[in-house]
Structures are given as structure tokens and as C-alpha cells.
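Following: one structure in C-alpha cells, then a few remarks.
Everything numeric here is computed off the predicted structure, so don't read it as measured data. Chain letters run A, B, ... following the sequence lines, proteins first, then strands; residues in each count from 1.
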Protein chains: 2
Amino acid sequence: MDGAKILIVEDDKNISTIVKMYLEKEGYSVSSAYDGESGIRQFEREGCDLAVLDIMLPKMSGYEVCRRIREKGGVPVIMLTARGDTADKVAGLEIGADDYIVKPFEMKELLARIKAVLRRSSPQEAKPHSMVFGDMKIDLASYTVSIGKLSMELPPKEMELLSFLAGNKNTVFTREQLLEKVWGYNYFGDSRTVDVHIKRLREKLPQDSSHWQLKTVWGVGYKFEVK
Amino acid sequence: MDGAKILIVEDDKNISTIVKMYLEKEGYSVSSAYDGESGIRQFEREGCDLAVLDIMLPKMSGYEVCRRIREKGGVPVIMLTARGDTADKVAGLEIGADDYIVKPFEMKELLARIKAVLRRSSPQEAKPHSMVFGDMKIDLASYTVSIGKLSMELPPKEMELLSFLAGNKNTVFTREQLLEKVWGYNYFGDSRTVDVHIKRLREKLPQDSSHWQLKTVWGVGYKFEVK
DNA sequence: ATTCTTATGAACAAACTGTGAACTTAAAAA
DNA sequence: TTTTTAAGTTCACAGTTTGTTCATAAGAAT
């Protein structure tokens, strides 16, 4: 992506400034925040194409900021972690960061990772915040699904899985594709996990709709079929 | 891609062997080289669908191998980098590697990345997602074939066989060619298997269409004839 | 008629999915 | 904090579906 907008949340102003200048020189549009809360505020106000987050932040940790940013949609995140803090890396990746980089780092490396992440984060259509299929309404904003009069809140993963499939209706995805698209690029888990989430979705969503169906395509994967 | 051919260039025979065995167990066809020059030679002689390259290699660095492989065409590359060797990572990414993984790594993670890269590099845009022949529509995206108002899901192999033949309409293929193209070049089975699948397709698809026909070419093979 | 090729039915083997339950991790509450 | 609850993940078993092989019948060519 060219001239992408990057949000950097980092309390060390030295680092922050250097990164900002370097990235601007590279043609990116950069905005800075110096603590977690204002990071989130700034993100909600201005948005961004990619966020670079320090983990140690005043007021709200980088994890939390990351989590909230991920909630809002497909904005990729790169975490800045302290050297040797493996636990941090792990946690960062598990929380859904797309990559991490260990301090101290070279600007050159950060730049390479930014490019890589931007390249990977396919310019998927901006997701609508709600979708309707016959009697079902999927509301991303509130993590709520309503079917007829029934309304329920789904856990994050189930919601993300459902909305991804629904947002790409009538298209089959393999378990691996779903892991990549829903769980994240650097998630390395058992593909049967998908099965379990599908099963739970089927338990919760009445399966007698004439408009839509969570369908298994044997030997391939799953699709959200809309008639 | 199924049973893809992977070239691994790694001078540490321990690592190389473990990777080879693990990937073969996963159904890939793996060939190994232990230095850069023979890596390139092997690539030019046999080709591959994906290359896994160590960076530190005798005779020719992984970068160089990567660069040359990229020159030859669209073969994706995953680089193996030493921990903390940031310069390496950067160079690897900039040189056009599709991904990198830091040693020591878990086979599970390497496998996931291989799958992800192969998936990304076999661009679905290349294949049309649906084909229409008169009253028949073959939809790869949803794994559905519809004929008139009738719509059905075919099992994977039947679907693949049908869409291959349909995608190459009016061309005869021998059973061996079909085994290679549809089943994969590392499949060694009875060519009668093709007959059985053709038979099942004929059972399922109404054979009275005036537009198309699954035809036997006696002594040669099969073709999907379109009028 | 003889020989080679293809069609078909049936049996077997392999691969895949659904499911319950144990287990681990994260979030929420006390 | 610590405790409690919820969410997410892994695993194993059972039941199905699909894929393959094989034996035999039917069809084509010479």
C-alpha cells in the first residue's frame, strides 16, 4: 500500500520521533500517540492502515490497545517488545498482532516488516458493520446475531468466523484458509479447531432457515450458503 | 496445493532430514540440497513448487539462491534465518522471499507457513470461478454444479475431474494424463480409477444435454465435448 | 471369433467430519 | 490479588462418505 497511514503508539519520545521521521521520509503518513488511551482515541478518531504499538505503555498496555484495534476491524498491528521478553512476544502474537519486533531494532527492519504486513493484509473490502440474510442479522458492531425475534451475543471467535463466512457467502474455505483469515496469519493451531467452532455455531443458530445455511463441503471445508 | 514439490536447501543435515521427513509425512514431495550451488542446479533440473532456503549456505548464500529462483518465475520462497540476525531478515524480505522463519523453529509453524504461502501463490484468480455450458454451470467457489434448476454438490475428485475436463473442453486426455493433472504427479494408482469416476459423473449428470457430453474416445481416453 | 478396451457393480480401504469431554488460557468478579 | 466463570483449543472415538481396487460383463476393432 502506498502512502499508508500508520499510527505509532510509543511513550519514549525519542524512539517515537525517529520512527515518525523515518517513515514519513519513506512516504507514509504517520500519527503518534504517547499512551494507550490516547492511542485508542486517536485510532477511533482518525483510523489508520497499520498500527505500531509498544507493549509497555502508560494508562493502557499495548496488548489492550491491540485487542481493541483488532476488534474494530482488519487493521494490522506490529508490536514493539522488550528484548528477551519472550512471554511478551507470545502474548502479542496470540492477541492477534501480525508481527512483532524486538527493541532495540533497526529502522530498516521495522520498515521491511511494515511493508510485509501491509502487503499481506489484503485490501479486503472494508467490512460492513452489519449484514442481513433473510431473517438473520449479523451485527459486527455489537457482536450480536439476531434471528427473527431471537437475539444473542456470540463469543469473539464464533462471531468472527460467522461474519467472515457470511461476508464471503457461497464460497468454500478450507480450514487452513479460515485459520489464516479468521485466526490470523501467524496462528499455528489444529485445524480441527475450526470444526468445533462451526459445531457451536450450528448449535446456537437455528438451522432451519430457508435463506441461509452453514454447510460442510466434504473434503474441502465450509461455506455459508445463501439461497 | 496437494503433494506439492518442495526443495529444501540447508547444510545442517540434522535439520534438513527432520524437515524432509516431516514434510513427506504430510504428503509433500521433498528434495534436498546441502549447498547453494547444488540447490540451484537441482532447482533448474527438477523445479519445485516452493523452496525453503537457509541463509547461511556453503558456496552460495541463500540470498543469491533466492534471487535466482525468483528470476526464473513464480516459485515462492521461505527463508530460514538465524535468531536475532535482523539484517538477514530484512534482506530476505527485500529480496523477495515470501516469508521467513527464525531458527530454532517448530515444524508445526514451518508447515503452517508452507501451507499459507502455497495457498497464496496458487492464485485463484488464474482459474475462473465458474464455467457455463448451455444449461450447466460449474461453480468452483461453492463446489456446486447446477444443471437447469437442479443443483448438486459433487465429491472433491469428481468435481476436480469434471472441472478439469470442462476447463479444457474438446480436448482428449489419456487416463494417465488425467491421473497426473487431477490426482497429482506423485500419484501412482490404477488408471481404471478414472473410469470409475467418469462413470459416477455420468450417473449424476443428465446425459441428454445438447450442449455438452462426457465422451469416451476409444483407445485414447476421455474428453468433455462442447457443441 | 478373437483380442483389446471400456463399463459396471461390489467390496474394501482410506480419509473426513461430528461430537463429547478434558484441558488450557483469558476474562470477569469478588 | 485470588477465585470464579467463560472462551478457546486439543484430542480421541464413532459414524460417514469418498476413493480405490478388482472381477466380470459388455462393447469395438481387426
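- By the side chain to side chain contact (heavy atoms under 4.5 Å, CB included) test, A/K137 is found to be paired with A/S130, A/V132, A/S146, residues two or more places apart in sequence or in another chain being considered.
- Residues meeting the side chain to side chain contact (heavy atoms under 4.5 Å, CB included) test with B/R200, sequence neighbours left out: B/E158, B/V196, B/E203.
- The separation between B/L214 atom CG and C/dT6 atom C1' is 14 Å, rounded to whole Å.
- Distance CD (B/E153) to C1' (D/dT18): 14 Å, rounded to an integer number of Å.
- Contacts classified as salt bridge (Lys or Arg N to Asp or Glu O under 4.0 Å) and involving residues 145-156 of chain B (residues at least two apart or in different chains) are given here: A/K215-B/E153, A/K223-B/E153.
- At whole-Å resolution of the value, CG in B/L178 and P in D/dG19 are 15 Å apart.
- Regarding contacts with the backbone of C/dC16, every side-chain N or O of A/Y222 stays at 4.0 angstrom or more from both OP1 and OP2.
- In this entry the distance linking CG of B/L162 with P of D/dT18 reads 16 Å, nearest Å.
- A side-chain donor-acceptor contact under 3.5 Å links A/T216 and A/R202.
- Applying the ring pair (Phe, Tyr, Trp, His ring centres under 6.0 Å) rule to B/F133 yields the partners B/F224; only residues at least two apart in sequence or on another chain are considered.
- Considering only residues two or more places apart in sequence or on other chains, B/S29 meets the side chain to side chain contact (heavy atoms under 4.5 Å, CB included) condition with B/K5, B/N186.
- An angle of 30°, rounded to 10°, separates the two end axes of the helix from C/dA1-D/dT30 to C/dA30-D/dT1, each defined over five pairs.
- The CG atom of B/L201 sits 13 Å away from the P atom of D/dT18 (whole-angstrom rounding).
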Per-nucleotide protein contact string for nucleotides 5-17 of chain D, where B marks a base within reach and S marks sugar-phosphate only (heavy atoms under 4.0 Å, - for neither)
--SBBBS-----B
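- When each of A/V220 and B/D195 is assigned the nucleotide of DNA chain C bearing its nearest heavy atom, the one mapping closer to the 5' terminus is B/D195.
- Atom pair B/K199:NZ and D/dT20:P shows a separation of 15 Å (rounding to whole Å applied).
- With 3.5 Å as the limit, one finds no donor-acceptor pair spanning the side chains of A/Q177 and A/Y222.
- When the side-chain nitrogen and oxygen atoms of A/T216 are compared with OP1 and OP2 of C/dG18, one or more of them lie within a distance under 4.0 Å.
- Taking atom CZ of residue B/R175 and atom C1' of nucleotide D/dG19, one finds them 17 Å apart after rounding to whole Å.
- For A/R202 and C/dT19, the shortest distance from a side-chain N or O to OP1 or OP2 is not below 4.0 Å.
- By the side chain to side chain contact (heavy atoms under 4.5 Å, CB included) test, A/K227 is found to be paired with A/Q213, A/E225, residues two or more places apart in sequence or in another chain being considered.
- Sequence neighbours left out, the pairs with a member in residues 161-181 of chain B that pass salt bridge (Lys or Arg N to Asp or Glu O under 4.0 Å) are B/R175-B/D195.
- Between B/Y143 atom OH and C/dT17 atom P there is a gap of 12 Å when expressed in whole angstrom units.
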